[in-house]
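Have a look at the structure below, then the notes.
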Amino acid sequence: MTKLGVNVDHVATIRQARRAPEPDPVSAALLAELAGAHGITVHLRGDRRHIQDRDIHLLRQVITTRLNLEMAVTPEMLQIAMQVKPNTVTLVPERPEEVTTEGGLDVRTHAEEISAAVRQLHEVGIQVSLFVDPSESQITATAETGAQLFEINTAAYAEAVPLGLDEHDENFEQQLKKLEACAHHGESLGLRVLAGHGLTYRNVGHVSAIPQVEELNIGHNIVSRAVLVGMERAVREMLEAMNA
Ligand code: PXP
């Protein structure tokens, strides 16, 4: 069975829109665990646009599955990771103006810096995963850093999914083949294979079917659906509160 890491960043996005106490991503994480999630993922950004430091400290204390902290390779983030000790750190590139993570790490170019971060995190018992584009040379470079896991960026695959999933589309087939080849390549190097970014209820099936992919990290689409499937109940409860 493919495992699911639920990314609760966008619960925090709604909270930060009002700088209000609700909705709390910590509560969302606990509910995700009750529903069977195998892990909780959060991205602590340099600009703190969604997840806050308080969230990761609380999550570390209360979740009973695994905490995966996504972060950029910066001295500030490394220090926080060493303090909080998540089960896994996923190193990602970060550009301050980006709407979301725009691509994978360029592990080949930044091999030295990334290898040093991997060593530092391993020393305190934190597993390290590198978020990389579906490129075999980046995956080879990942193995050379000493990281034991990598997460294949599925964004290009997700963007290529045709409207009617059954319709043949060459770009889609190509993107899926790339993911499959990279998963196979990673496994042949002894790496554990994860995948994520842009996955939805519609497009997830082909990725979870790749035998080497042990876990998916999914956030935005789950939070989007939670807002909609919860809307009727939330309105009913407000009417009850108004007319109690
Ligand atoms: N994996 C990584 C490395 C990410 O940066 C993100 C987005 O924070 C995700 C997975 C989840 O992507 P999405 O929110 O599109 O499901």
Side-chain angles (χ1 to χ4, degrees), residues 2-14 16 25 28-29 32 37-52 55-56 59 66-74 77 81 86-107 114 117-118 121 127-135 138-139 142 147 149-161 175 179 182-183 186 191-208 210 213-228:
T2 315
K3 292 183 180 155
L4 173 64
V6 175
N7 180 318
V8 294
D9 289 353
H10 296 302
V11 176
T13 301
I14 300 174
Q16 295 310 111
H38 300 90
I40 301 299
T41 293
V42 283
H43 184 173
L44 185 68
R45 287 183 165 269
D47 64 10
R48 306 297 196 274
R49 72 173 72 157
H50 40 53
I51 292 295
Q52 306 296 305
D55 301 331
I56 56 167
L59 284 168
R66 285 177 294 111
L67 179 62
N68 172 33
L69 175 63
E70 283 181 20
M71 57 176 233
V73 190
T74 63
M77 290 300 154
N87 302 78
T88 310
V89 158
T90 301
L91 297 176
V92 298
E94 197 173 294
R95 208 169 55 80
E97 315 81 58
E98 70 189 1
V99 174
T100 182
T101 311
E102 286 172 344
L105 282 171
D106 185 350
V107 189
I114 293 170
V118 170
L121 294 164
Q127 287 187 323
V128 185
S129 176
L130 304 188
F131 182 59
V132 293
D133 289 332
S135 140
Q138 292 292 351
I139 294 164
T142 295
L149 301 89
F150 71 105
E151 179 175 331
I152 314 177
N153 180 4
T154 50
Y157 157 83
E159 278 160 25
V161 174
Q175 295 296 343
L179 296 183
C182 286
L191 295 170
R192 288 169 53 201
V193 187
L194 286 72
H197 211 285
L199 294 177
T200 68
Y201 293 83
R202 283 183 62 239
N203 67 27
V204 73
H206 289 89
V207 183
S208 58
I210 300 173
V213 173
E214 63 176 71
E215 182 161 333
L216 301 177
N217 276 314
I218 307 180
H220 187 269
N221 208 237
I222 292 177
V223 175
S224 304
R225 178 156 309 203
V227 169
L228 293 184

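Counting starts at 1 for both ligands and their atoms, in listed order. The residues of the chain are indexed from 1 along the displayed sequence.
- The backbone N or O of Glu94 lies less than 3.5 Å from no partner atom in the side chain of Glu98, so there is not a single donor-acceptor pair.
- There is no side-chain donor-acceptor pair under 3.5 Å between Ser224 and His10.
- Using a 4.0 angstrom heavy-atom cutoff, Asn221 does not count as in contact with ligand 1.
- Taking every heavy atom of Asn7 and a limit of under 4.0 angstrom, the matching atoms of ligand 1 come to 8 (O).
- Between the side chains of Thr41 and Asn68, at least one donor-acceptor pair of N or O atoms lies under 3.5 Å.
- Contact annotation: the side chain of Met77 never approaches that of Val89 to less than 4.5 Å [non-hydrogen atoms, C-beta and beyond].
- The nearest protein atom to atom 11 (C) of ligand 1, hydrogens excluded, is given as Asn217 O, 3.9 Å; this is a heavy-atom distance.
- Ranking the protein heavy atoms by distance from atom 14 (O) of ligand 1 puts His220 N, 2.9 Å first.
- Formation of a donor-acceptor pair under 3.5 Å by the Asn217 side chain with backbone atoms of Gly196 is not found in this model.
- Of the protein's non-hydrogen atoms, His197 CD2, 3.7 Å is the one closest to atom 7 (C) of ligand 1.
- Every atom of ligand 1 with a heavy atom of Val92 under 4.0 Å away is listed here by number and element: 3 (C).
- Nearest-residue assignment for atom 15 (O) of ligand 1 (options Gly198, Gly219, Gly196; heavy-atom criterion): Gly198.
- Counting only heavy atoms of the protein, atom 2 (C) of ligand 1 lies nearest to Glu70 OE2, 3.1 Å.
- Here the side chain of Arg49 pairs a donor or acceptor atom with the backbone of Val99 at under 3.5 angstrom.
- Proximity of Asp9 to ligand 1, defined as any heavy-atom pair under 4.0 Å, is confined to the side chain (atoms from C-beta onward).
- Between Ala117 and Val73 the shortest heavy-atom distance is CB-CG1, 3.8 Å.
- Ranking protein heavy atoms by distance to atom 1 (N) of ligand 1, first place goes to Glu151 OE2, 2.4 Å.
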